[in-house]
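The model shown is predicted, which means the values in this text are computed figures rather than measured ones.
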Amino acid sequence: MASLMLLLLVAGLSALLPMASGYMQCVGGPKAACECLLQCPVFGHNTARCENAETAADMDSLVDQVETESLSIAGNQCLGMMCIVTCTSKLECLNEAVKGRCQQMKDNNGSCAVSCEGLSTFRSASANFLG
């Protein structure tokens, strides 16, 4: 079950970057997506790493590396999805695919309080995930 949640989160993270076909591009492009994700404590709270990524492919690789490291730790899946939903909502690229993956993760993790509908439901909680 943990591998399923990890797979779902990987797919959700890739939605933030324009290289993932079929997803809308986020406002601010791949750099904004990278910085939003890496600003979350669950993903290391270190946006400086995005500065070293020169291309969208570099940022995609960085995000993949960070999320794989973070989400392999038990308990990080819910926090990771909260960050993903908050960032995709904030950057206007939360779509049905991300919402669906969020709901699947939530269904598999009954204790996760993430709202898969976006930022409007996260305004008070987002301060916990974004610096």
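The two residues C116 and L94 come nearest to each other via the heavy atoms O-CD2, 4.1 Å. Closest approach of E117 and K99 over heavy atoms only: OE1-NZ, 3.5 Å. In terms of heavy atoms, V42 sits closest to C83 at CG1-CB, 4.3 Å.
With hydrogens and angles left out, the side-chain atoms of Q103 and D107 include a donor and acceptor closer than 3.5 Å.
SG atoms of C87 and C26 are separated by 2.5 angstrom or more, inconsistent with a disulfide link.
Distance SG/C78 to CG/N108: 12.0 Å, rounded to 0.5 Å. Atom OG1 of T47 sits about 9.0 Å away from atom NZ of K31, to the nearest 0.5 Å. Rounded to the nearest 0.5 angstrom, N76 CG and M82 CE are separated by 12.0 Å. The CG atom of D64 lies 13.5 Å from the CE atom of M59; values are rounded to the nearest 0.5 Å. Expressed to the nearest 0.5 Å, how far SG of C36 lies from CZ of F43 amounts to 10.5 Å. Between the CD1 atom of I84 and the CG atom of L79 there is a distance of 11.0 Å, given to the nearest 0.5 Å.
In this structure, the side chains of V85 and S115 stay at 4.5 Å or more apart for every pair of heavy atoms.
Side-chain N or O atoms of Q77 include one that pairs as donor or acceptor with a backbone N or O of L71 at under 3.5 Å. Remark: the backbone N or O of A56 is not paired with any side-chain donor or acceptor of D60 at under 3.5 angstrom. Checked by atom type and distance alone, the side chain of H45 pairs as donor or acceptor with a backbone atom of Q39 at under 3.5 Å. A donor-acceptor pair is defined here as one N or O able to donate and one able to accept, closer than 3.5 Å; such a pair exists between the side chain of S72 and the backbone of E69. Remark: the backbone N or O of V66 is not paired with any side-chain donor or acceptor of S70 at under 3.5 angstrom.
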Go through the steps to decide whether C112 and M105 satisfy the test side chain to side chain contact (heavy atoms under 4.5 Å, CB included), and finish with yes or no.
CA-CA 8 Å; C112 184; M105 188 280 309; 3.6 Å; yes
